[in-house]
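Let me begin by presenting the structure, written as structure tokens, before commenting on it.
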2 protein chains.
Amino acid sequence: MRELEIPHRYRSPDTRQGIAAGGTTPRAGMRAPKILMSESSLLDRQELPRAQGGAAFSPLYQQIKALLLQSLDRGEWKPGEAIPSEHELAARYQVSQGTVRKAIDELAADNLLLRRQGKGTFVATHQEAKVRFRFLRLMPDDGKQRLSGSRILDCRRGKASAEIAALLDLKAGEGVVMLRRLLSFDGSPTILDDIWLPGALFQGLTVELLGRNRGPLYGLFEAEFGISMVRAEEKIRAVRAGQEEAALLNVSISDPLLEVERVSYTYGDRPVEVRRGLCLTEHFHYRNSLN
Amino acid sequence: MRELEIPHRYRSPDTRQGIAAGGTTPRAGMRAPKILMSESSLLDRQELPRAQGGAAFSPLYQQIKALLLQSLDRGEWKPGEAIPSEHELAARYQVSQGTVRKAIDELAADNLLLRRQGKGTFVATHQEAKVRFRFLRLMPDDGKQRLSGSRILDCRRGKASAEIAALLDLKAGEGVVMLRRLLSFDGSPTILDDIWLPGALFQGLTVELLGRNRGPLYGLFEAEFGISMVRAEEKIRAVRAGQEEAALLNVSISDPLLEVERVSYTYGDRPVEVRRGLCLTEHFHYRNSLN
DNA sequence: TCACATTTGTACGTATGTATC
DNA sequence: TGATACATACGTACAAATGTG
């Protein structure tokens, strides 16, 4: 583990120990602890700048959350696997189970973890239908999800354009993998995706590997490259079909298409994918919930 | 309040009372407690059918959440107002503060309530910029939000079409208010909205009232009609501009437009608005976050 | 089928920190 | 300075779901 400090708030409530109840149970005064991470690291701290000029403090459970995030990021627990029990984590970090619980609660709310009563807490994976659904927003108008077939049209390596480099947080000219695929539903081509990935992170990515893959692309990324897509931002527009796109999607030039620009992030808000999808919305729609 | 029953789980942990610690603090055994709503009402219960054929049980905090929802729905606390403190609610419902806290946590997570440390917990209102932002997803490509001007083009009453009636959960032919408005940013028309509302709920809604309104439409609905928009579902497509729409949005016929179909819901998942927006996405985009 | 251990879920209580007025 | 309200942290006990012997 790492070096820990003691914050000057949420100290052990040792004032209790004299007054405290029956002596059979282990009391707070016996424990050593209260930890604080020495560096801020992945902490998604609030925007509030503390009045004091000093270090950035955060509640214990946020620190635990950050530690859990680090473990996830390092691949200590793989997608689909169970993480240690709350009890075990509490012992490991020397905090109460309730504190671990609150940390996990937030990670579960962010869909990074999945709790199952009686079984344990599991690392979210794109192999599950539920998760995949969260990232595939195009739905048939009649509501019935159809089988989707993916055809890889292209996969090659090159240098990032200035625009892509900026979005992926790369230096201009760094290597990227570019791939193009066509998703069909019931055999009719519906989504044309252009995808850019940082070359360094996706070394062995080839058409052959993609061809062998059944199931979602993000599932492959998890299994083969250890990269979990955790979050994405999309920008959606209505555009006109160009010549090439029209041909691939089997529509006329200038037909309206839904353009979906996506930047996907892994743990720690690091961008790892840029995607531009062109969708035929004659019989499909992009669904979204506001709340 | 209402009649309450005692569930056969989560009974008072009265086994403690003999063993329990110092006698100065109020013990669990003193309270009367443990409630269960006699009817299911607004409960958003899980899909799990209980093994037993009997009543539908739910955790206490879910019951409290349902009671809070009822109070919100009845307008006991108005948008922008503070609800009673956790302490007070705990006393009212005869449960612990922690249980009230968990109920409020969920309502806050759903954006129905807003917690402010040191001040209280407040009913969410569309008067706030933050909330408005959640429902206005069209953004300028450069990221800088501009002033939006709303011009009401039409407002009349009529009978619901079969389609609208179905979406609003009305009987075919029931009265609706239809209105059309044009939103402009920096003076350039960008969004053309057609809106349908249940006539019965929006009695005094007129062009004059709309004309006097500054601020968001949903704010007006809250203030004048006591109807809070809490959630919405959208379906998004790329379409071709028709003649009328093209003229109003100042584009050519057949230009691509983003169509956003929205159904909005108030407390208890009751649909209270259908909206069809046509958006110009030359310099704007619909933003969305996936997680 | 039953008993048991494990793991998450619910509920309670207490003490203290932090923000606000 | 004090009162109030939400936030954090600890601890305990029991319920419910799951898997195993």
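Numbers restart at 1 for each chain; the letters A, B, ... are given by sequence-line order, proteins then strands.
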Only counting residues at least two apart or in another chain, list the ones meeting salt bridge (Lys or Arg N to Asp or Glu O under 4.0 Å) with A/Arg146. A/Asp142, A/Asp186

Nucleotide N/O of nucleotides 1-3 of chain C paired with protein N/O under 3.5 Å:
none

Nucleotide N/O of nucleotides 19-21 of chain D paired with protein N/O under 3.5 Å:
from	atom 1	to	atom 2	distance (Å)
D/dG19	OP1	A/Lys119	NZ	3.3

Go through the structure and list residues passing side chain to side chain donor-acceptor pair (under 3.5 Å) with A/Ser150, not counting sequence neighbours. none

side-chain contact (heavy atoms from CB on, under 4.5 Å) filter on B/Arg212, not counting sequence neighbours, yields B/Glu208, B/Leu209

Is there a side-chain polar atom (N or O) of B/Arg116 under 4.0 Å from OP1 or OP2 of C/dA19? no

Do any side-chain nitrogens or oxygens of A/Lys102 fall under 4.0 Å of OP1 or OP2 in D/dA9? no

Quick one: the side chain of A/Glu86 and the base of C/dT8, do they pair up donor-acceptor inside 3.5 Å? no

Taking side-chain contact (heavy atoms from CB on, under 4.5 Å) as the definition, give me every residue that meets it alongside A/Lys235, ordered by chain and number, with sequence neighbours left out. A/Arg237, A/Glu261, B/His285

Out of the candidates A/Arg275, A/Arg270, A/Glu273, only one should pair with A/Ser264 under the side-chain hydrogen bond (donor to acceptor under 3.5 Å, both in side chains) rule; please name it. A/Glu273

Run the side-chain donor-acceptor check on residues 225-234 of chain B: report pairs under 3.5 Å with partners two or more places apart or on a different chain.
from	atom 1	to	atom 2	distance (Å)
B/Arg231	NE	B/Asp269	OD1	2.9
B/Arg231	NH1	B/Glu233	OE2	2.8
B/Arg231	NH2	B/Asp269	OD1	2.9
B/Glu233	OE1	A/Ser289	OG	2.9
B/Glu233	OE2	A/Ser289	OG	3.1
B/Glu234	OE1	B/Tyr286	OH	2.4
B/Glu234	OE2	B/Arg262	NE	2.7
B/Glu234	OE2	B/Arg262	NH2	2.9

Side chain to side chain donor-acceptor pair (under 3.5 Å): pairs with one or both residues in residues 118-134 of chain A, sequence neighbours excluded: A/Thr125-A/Glu222

How would you list, by chain and number, every residue that makes a side-chain contact (heavy atoms from CB on, under 4.5 Å) with B/Leu167, sequence neighbours excluded? B/Val263, B/Val274

Can you run down the salt bridge (charged side-chain N to carboxylate O under 4.0 Å, His left out) pairs that involve residues 75-88 of chain A, sequence neighbours left out, and say none if there aren't any? A/Arg74-A/Glu76, A/Glu76-A/Arg92, A/Glu86-A/Arg101, A/Glu86-A/Arg115

Do any of residues 74-82 of chain B sit with a heavy atom less than 4.0 Å from DNA chain D, and if so which? none

